[in-house]
Number of protein chains: 2
Amino acid sequence: MSLLHAVLGFVAIQPMTGYELGKAFSTTAAHFWPADQSQLYRTLHRAEADGLVESTTVEQATRPDRRLYTLLEPGREALEAWLASPLEPDNSREPFLLRLFFAASLGTSGVIELLDQRRSAAVELLTTLDALASSAPRKTSLAIQLQYATLESGRAHARAEITWLDELRAQLANHKESAR
Amino acid sequence: MSLLHAVLGFVAIQPMTGYELGKAFSTTAAHFWPADQSQLYRTLHRAEADGLVESTTVEQATRPDRRLYTLLEPGREALEAWLASPLEPDNSREPFLLRLFFAASLGTSGVIELLDQRRSAAVELLTTLDALASSAPRKTSLAIQLQYATLESGRAHARAEITWLDELRAQLANHKESAR
DNA sequence: TCCGAATATAGGACAAGTCCTATATGGCGT
DNA sequence: ACGCCATATAGGACTTGTCCTATATTCGGA
């Protein structure tokens, strides 16, 4: 349901085509809201059918025609209603934790390998986010500040993840040693 | 797809009924893997159809019959294969970040309210996890250690979330003040 | 010269998860 | 006395998201 709201949010900033929306997602929102291309276009169709947005076809000579989507008043209302609605309880899935939970049969050394793999991925994510953060624009408007804040959130959680992994790893390694 | 693996993981520890599985999820894995009751039973049916588990009906006088599921060899292999498979890239959705990203139209004070709501939820989660952690058994086996580690992960991330929220809140409040 | 990437939109098939309801009974609180 | 909760399993309807493919052209690199 939320992809619709994200679409409305982007279109509220500026009228866009589906393709541009895809770009906007992958460059600015990918780390907290991956958007499938197919799903994006379907959501746009539905939003238009529901009268939330309006599209105008822009013909192009060589490229396929572009459909430029504009936010309509009902769409803006839906967006504001979403922003003001109570926060839904957070029930996110953590595939890594699920695996770790059941990983005992890998043995201590196997689990440590798992932790190292996860650590690599977390470090990679963190460096990506660091790069994005350092190339971010000056925080002039509230909107820009908030967009930057989502980056900061990702960095904070990535750092927390790495710290947790290191502590767990040390604990397991230590335990293994003393068990010798 | 992962619910299947979680089911195999639990049944590997001990043969269980669907109902007991539901309990196991909600008491030990709820914070990183919510399991819908309907989905659970469907997954069990499929796992049995696929020859991964086997069920025996235990008749009861007053209560409905219980179907006790046992892990079969192919199921154990599937579980081990999953544990040894490469980590999938992490693409989790963060509805709160999505909302924050587009929340500028709420104004600084509206955003601060949003942050406060989120903070309350995070604090509540943290205290729940703290309680679970303090009532956790002694970390004797590797399995118990890993299960405890998932709790620690939740706590680490909850604390990171609270810290991030506090910093952002201070920054926004400060900005608002200096803009007067 | 050929292959892939970028531009631009769209549909089909499928997987996974959510929400609601149904069935049947016993115990507990108010 | 009445309703709700726990026990125990299951199906229907629906939403959301994923993966793959199709279409059509242009440009750049190996």
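Throughout, protein chains are lettered first and strands after them, A, B, ... in sequence-line order, and every chain is numbered starting at 1.
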Hey, which of these two, Leu3(A) or Asp36(B), hits DNA chain D nearer its 5' end, going by closest nucleotide?
-> Asp36(B)

Quick one: name the residues clustered hydrophobically with Ile162(A), using the 4.5 Å side-chain heavy-atom rule over I, L, V, M, F, W, Y, and just say none if it's on its own.
-> Val123(A), Leu126(A)

Quick one: side-chain contact (heavy atoms from CB on, under 4.5 Å) partners of Leu72(B), sequence neighbours excluded?
-> Glu54(B), Pro74(B)

With the criterion being N/O to N/O and under 3.5 Å, what pairs connect the protein with nucleotides 4-6 of chain D, and how long is each?
none

Qualifying residues under side chain to side chain donor-acceptor pair (under 3.5 Å), relative to Asp36(B), sequence neighbours excluded = none

Can you list every pair that meets side-chain hydrogen bond (donor to acceptor under 3.5 Å, both in side chains) and has a residue in residues 121-137 of chain B, with sequence neighbours left out?
-> Asp130(B)-Arg155(B)

How close or far is atom P of dG12(D) from atom CD of Gln37(B), stated in whole angstroms?
-> 15 Å

Which ILVMFWY residues are connected to Ile144(A), directly or by a chain of links, through side-chain heavy atoms under 4.5 Å apart?
-> none

Nucleic acid contacts of residues 41-55 of chain A, taken as heavy-atom distances under 4.0 Å to DNA chain C = Tyr41(A), Arg42(A), His45(A)

Does Gln39(A) have a side-chain nitrogen or oxygen under 4.0 Å from the phosphate oxygens OP1 or OP2 of dT16(D)?
-> no

Assign Ser2(A) to base, sugar-phosphate, or nothing according to its heavy-atom contacts below 4.0 angstrom with the strands shown.
-> nothing

Residues Glu20(A) and Gln14(A): side-chain donor-acceptor under 3.5 angstrom | no

Nearest 0.5 Å please: distance from the CD1 atom of Ile112(B) over to the CZ atom of Arg169(B).
-> 5.0 Å

Separation of Arg66(B) atom CZ from dA8(D) atom P, in whole Å?
-> 5 Å

d(CG, Leu68(B); P, dA8(D)) in whole Å | 11 Å

List for me each residue that meets side chain to side chain donor-acceptor pair (under 3.5 Å) alongside His5(A), sequence neighbours excluded, and say none if there are none.
-> none

Nucleotide interval of DNA chain C bounded by contacts with chain B (heavy-atom cut-off, under 4.0 Å) = dA16(C) to dG26(C)

Side-chain (Arg119(A)) to main-chain (Asp166(A)) donor-acceptor, under 3.5 angstrom = no

Not counting sequence neighbours, which residues clear side chain to side chain donor-acceptor pair (under 3.5 Å) with Asn91(A)? List them please.
-> none

Interatomic spacing from CZ in Arg67(A) to OG1 in Thr57(A) - rounded to 0.5 Å = 4.5 Å

Please work out which of the three classes, parallel, tilted or perpendicular, describes the rings of His157(A) and His157(B), given edges at 30° and 60°.
-> parallel

Tell me the side-chain hydrogen bond (donor to acceptor under 3.5 Å, both in side chains) pairs involving residues 99-110 of chain B, sequence neighbours left out?
-> Glu80(A)-Ser105(B), Ser85(A)-Arg99(B), Glu88(A)-Arg99(B)

Computed from five pairs at either end and rounded to 10 degrees, the angle between the axes of the helix from dT1(C)-dA30(D) to dT30(C)-dA1(D) is 40°

